[in-house]
Amino acid sequence: MQSISSQRLTANYSAYGPRLAADRLFIPAPGSCAYTGPFDQAVRFIERHQLLDADLWARFAQQFTRPSDDHDLGWRCEYWGKLMRGGAMVWGYTQSPELYSQLETAARAMLKNAGPGGRISTYSPEAEFQGWDIWGRKYVLLGMEYFYDICTDESLKGELLASLRAQADYILDRFGPDKADLREASCHWEGLNSSSLLEPVVRLYNMTGDERYLDFAGYIVGLGGIQSANIFELALEDRLDPWQYPVTKAYEMMSCFEGLFEYARATGDERWSRAVVNFAHRVLNSDITIIGSAGCTHELFDHSRLRQADPEFTGIMQETCVTVTWMKLCGQALCFTGDPVFGDAIERSLHNALLGAVNTRKVPRDPLSPNGWLPFDSYSPLRVGLRGQAVGGRMVMADNTIYGCCAAIGAAGFGAAARLSALHTRNGAAVNLYFPGKVSLTTPGGNRLGLDIETAYPVGEDITLKLSLEGPEAFQLALRVPGWCRGPEASVNGESVAAKAGWLKLERTWRDGDKVCLRFPMEVELISSGELCEGSGKLPPHIALVRGPVALAASREFPEDDLTVTAEISAVRPLPVTEAPFEARLVFEAELSGGGRMRFADYASAGKGYDKEIAVWLPGINSSK
């Protein structure tokens with residue numbers, strides 16, 4: 001495999017050593033992209049209303065000044081690390097001096113919470129290593145590691161690394177061969193949550209080269225994740241879907257496999273990288289739904305590709321923690337394999353489940369929420385239901401305010417999308433996600449490559465990329481053509497080139513001012529529940545509409561529409577977005593065979609007032625458009 005120069009990758013990501021040897025795609029340095037449009041607006045919204053909230057950071061750090069989780073063995077311990085990881089990733093995109101200052105202040109405050117032996121925990125020494133204690137310690141480690149990657153103060157980096165080592169050593173002294181079993185450090189999910197400690201332990205090995213941490217990671221892998229089976233071996237065997245495993249908690253399981261990917265890179269053991277890729281494909285094919293999340297039985301893998309259109313499954317579903325962790329796992333798989341199917345998956349999750357979860361209207365749902373509202377919704381309905389049904393991972397803190405797991409993790413989804421939008425390759429560059437704005441990468445020859453991107457995608461079909469180069473250079477520019485796209489079109493400087501789903505790999509001597517034009521034709525397509533179960537007839541007939549990567553939703557926000565009517569759609573036509581009584585990116589009108597009409601908007605925009613039901617899947621039978 002062709003090597004890649006580390007000089008091209010100026011980001012100080014602590015995981016990059018092994019990735020240089022193993023991966024095919026590489027995350028560029030912070031500040032490599034500057035976008036406009038809805039994606040950028042959502043990131044800035046989260047930065048302004050969550051990540052720059054000094055009181056919120058202080059509230060999270062305060063949980064570690066006392067045994068705040070002793071009384072209910074809770075997970076208040078996770079909030080700080082989740083938000084720090086997401087904040088560091090978002091800073092890599094926005095480059096905001098105010099955000100960096102806030103993150104640095106938060107990191108310094110957390111360092112002061114270290115107790116004897118360097119332990120940082122919301123559990124007392126008498127109550128430690130049960131409930132969600134290891135899970136919370138994992139997030140403190142990850143939060144510090146992600147901030148370490150962007151930290152510009154060498155003295156502070158030294159303090160962070162010393163703390164990371166002390167925290168890890170405290171755990172190593174108590175768990176391992178001939179010591180306590182890490183899986184028994186929690187009474188939940190057979191220890192799956194505690195086993196997810198694997199990821200920060202491997203990252204710490206990458207940062208220090210200390211073999212003790214790699215050995216401990218090997219110990220965790222050997223435990224197999226849960227008590228009743230070895231889920232890593234199950235993935236390697238590739239005979240079962242994850243919903244068929246003995247434990248099916250989706251978010252925690254994917255977190256464990258993220259760690260296994262890092263372990264596979266660090267050791268070079270291809271068995272484990274193959275296991276993670278197998279696992280990711282299985283999740284994609286058996287559990288990822290039309291909006292890019294998983295789990296119709298609240299937060300569990302449950303064959304939700306099939307269950308998503310089953311009216312027997314009601315209540316909370318499609319957890320935002322699952323959406324974000326799925327996007328991050330797909331990012332790992334995309335970089336390792338180069339397989340564009342994982343880019344397609346990230347795109348679907350972003351434009352539907354994740355953007356749909358942002359509480360853009362600042363709707364209050366829980367009276368104890370800090371500032372009256374939370375920035376992210378926790379669950380996303382698929383059939384007739386409301387957004388904002390519950391606060392996932394809700395915990396009451398000492399000042400009688402609440403927070404939730406999904407609210408804390410959401411920023412990381414946007415940070416991941418930004419990092420994965422444009423990438424370095426071994427022989428050039430790749431564009432994976434299409435946003436309007438500017439990208440700055442480095443060519444294999446060490447020169448700056450600028451990309452000016454003009455597009456309204458995924459609302460519009462056209463994308464134009466104009467190259468800026470200091471001088472002519474031969475390299476490959478790879479552009480992801482979505483798997484759903486039939487009949488893509490492409491041209492370079494006005495000359496047509498053949499394109500099909502996958503990577504469009506353009507190899508030539510590029511010059512300043514060269515222009516690449518793409519068109520991804522998007523028709524509204526109708527999907528029937530019969531297609532999900534391959535005609536077996538196990539599901540009551542339901543239908544859904546999609547356009548490109550975007551799912552469309554019916555909504556009671558259109559007051560004349562009946563979401564319970566059995567629909568047979570005969571035609572669909574676009575409407576001006578002003579036809580929607582709310583801010584929408586896409587609006588369509590469907591003509592029903594029996595007379596009447598029903599309107600649809602893009603899923604991410606519908607139902608954001610939390611008081612009107614929406615639905616992607618509607619009762620109906622249909623074969624025509």
Side-chain angles (χ1 to χ4, degrees), residues 135 183 186 188-199 220-221 223-264 271-310 313 316-334 336-337 339 341-342 344-346 348-349 353 379-380 382 392 405 409 532-534 538:
W135 175 261
R183 296 169 299 181
S186 176
H188 302 289
W189 310 111
E190 295 191 18
L192 188 66
N193 51 344
S194 295
S195 296
S196 68
L197 182 67
L198 178 60
E199 182 185 2
I220 298 175
V221 172
L223 292 177
I226 60 175
Q227 295 173 20
S228 63
N230 187 318
I231 62 172
F232 304 139
E233 292 285 357
L234 290 177
L236 184 61
E237 292 168 3
D238 200 24
R239 296 175 182 173
L240 300 176
D241 290 325
W243 65 270
Q244 297 171 306
Y245 290 5
V247 174
T248 56
K249 189 65 162 62
Y251 162 33
E252 286 84 344
M253 189 181 298
M254 288 190 289
S255 296
C256 288
F257 277 93
E258 283 191 278
L260 188 63
F261 233 148
E262 300 292 7
Y263 181 73
R271 292 179 304 153
W272 299 128
S273 55
R274 188 166 74 250
V276 186
V277 174
N278 289 346
F279 173 81
H281 278 295
R282 287 274 181 175
V283 172
L284 179 62
N285 295 327
S286 70
D287 251 280
I288 297 303
T289 67
I290 196 169
I291 65 168
S293 191
C296 293
T297 311
H298 51 94
E299 298 154 359
L300 307 180
F301 286 134
D302 63 351
H303 201 187
S304 50
R305 180 181 181 275
L306 180 64
R307 304 292 187 189
Q308 63 182 310
D310 190 337
F313 286 75
I316 57 173
M317 60 174 65
Q318 304 289 278
E319 186 194 26
T320 300
C321 283
V322 174
T323 301
V324 172
T325 310
W326 169 241
M327 291 175 67
K328 290 168 63 268
L329 180 64
C330 283
Q332 293 236 38
L334 173 69
F336 181 81
T337 65
D339 189 340
V341 71
F342 296 113
D344 292 352
I346 295 166
R348 184 168 297 278
S349 299
Y379 303 101
S380 299
L382 289 170
C405 58
I409 203 174
L532 303 178
C533 51
E534 299 176 346
K538 294 179 182 178

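Going from atom SG of Cys321 over to atom CD1 of Ile409 covers 4.5 Å, rounded to the nearest 0.5 Å. Atoms CD and NZ, on Glu258 and Lys328 in that order, are 3.0 Å from each other to the nearest 0.5 Å. A distance of 9.5 Å separates CD1 of Ile226 from OG1 of Thr248, quoted to the nearest 0.5 Å. The OG atom of Ser186 lies 3.5 Å from the CG atom of Asn193; values are rounded to the nearest 0.5 Å. Atom CG in Asn278 sits 11.5 Å away from atom CG in Leu234 (nearest 0.5 Å).
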Item to check | Working for side-chain contact (heavy atoms from CB on, under 4.5 Å), residues His298 and Glu319 | outcome: CA-CA 7 Å; His298 51 94; Glu319 186 194 26; over 6 Å; no
Item to check | Working for side chain to side chain donor-acceptor pair (under 3.5 Å), residues Glu199 and Tyr263 | outcome: CA-CA 8 Å; Glu199 182 185 2; Tyr263 181 73; over 6 Å; no
Item to check | Criterion ring-ring contact (aromatic ring centres under 6.0 Å, His included) on Phe301 and Trp189, from CA distance to verdict | outcome: CA-CA 13 Å; Phe301 286 134; Trp189 310 111; over 10 Å; no
Next on the checklist: Using the rule given for side-chain contact (heavy atoms from CB on, under 4.5 Å), can you reason through Ser195 versus Glu252, listing the C-alpha separation, both sets of side-chain angles and the distance that settles it, and then say yes or no?
Outcome noted: CA-CA 9 Å; Ser195 296; Glu252 286 84 344; over 6 Å; no
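Residues Leu382 and Cys296 form a side-chain contact, since some pair of their non-hydrogen atoms from C-beta on lies under 4.5 Å apart. Looking at Leu284 and Arg282, their side chains never come closer than 4.5 Å, going by heavy atoms from C-beta outward. The side-chain heavy atoms of Pro242 and Ser286, taken from C-beta on, include a pair separated by under 4.5 Å. With a 4.5 Å cut-off on side-chain heavy atoms, Leu192 and Met253 count as touching. Residues Thr325 and Ser255 form a side-chain contact, since some pair of their non-hydrogen atoms from C-beta on lies under 4.5 Å apart. The closest side-chain heavy-atom distance from Arg348 to Ile291 is not below 4.5 Å. A heavy-atom distance below 4.5 Å is not found between the side chains of Phe342 and Gln332.
Minimum interatomic distance between Ser349 and Thr323 (heavy atoms only, all atoms of both residues): CB-CG2, 4.2 Å. In terms of heavy atoms, Gln318 sits closest to Ala294 at NE2-C, 3.2 Å. Across all non-hydrogen atoms, the minimal contact from Leu329 to Met254 is CD2-CG, 4.1 Å. The heavy-atom pair separating Asn230 from Val221 by the smallest distance is ND2-O, 4.1 Å. Pairing each heavy atom of Ala280 with each of Trp326, the nearest pair is O-CH2, 3.5 Å. Minimum heavy-atom separation, Ser196 to Cys256: N-SG, 3.6 Å.
Distance alone, capped at 3.5 Å, places no donor-acceptor pair between the Asp339 side chain and the Leu334 backbone. At least one donor-acceptor pair under 3.5 Å links the side chain of Gln244 to the backbone N or O of Asp241.
Aromatic pair Tyr251/Trp135: ring centres closer than 6.0 Å.
For Phe257, the ring pair (Phe, Tyr, Trp, His ring centres under 6.0 Å) partners two or more places apart in sequence, or in a different chain, are Phe232, Phe279.
Ion pairing between a basic and an acidic side chain is recognised when a charged N comes within 4.0 Å of a carboxylate O; Arg305 and Asp287 show no such pairing. Salt bridge annotation for Arg183-Glu190: absent, with no cationic side-chain nitrogen under 4.0 angstrom from a carboxylate oxygen.
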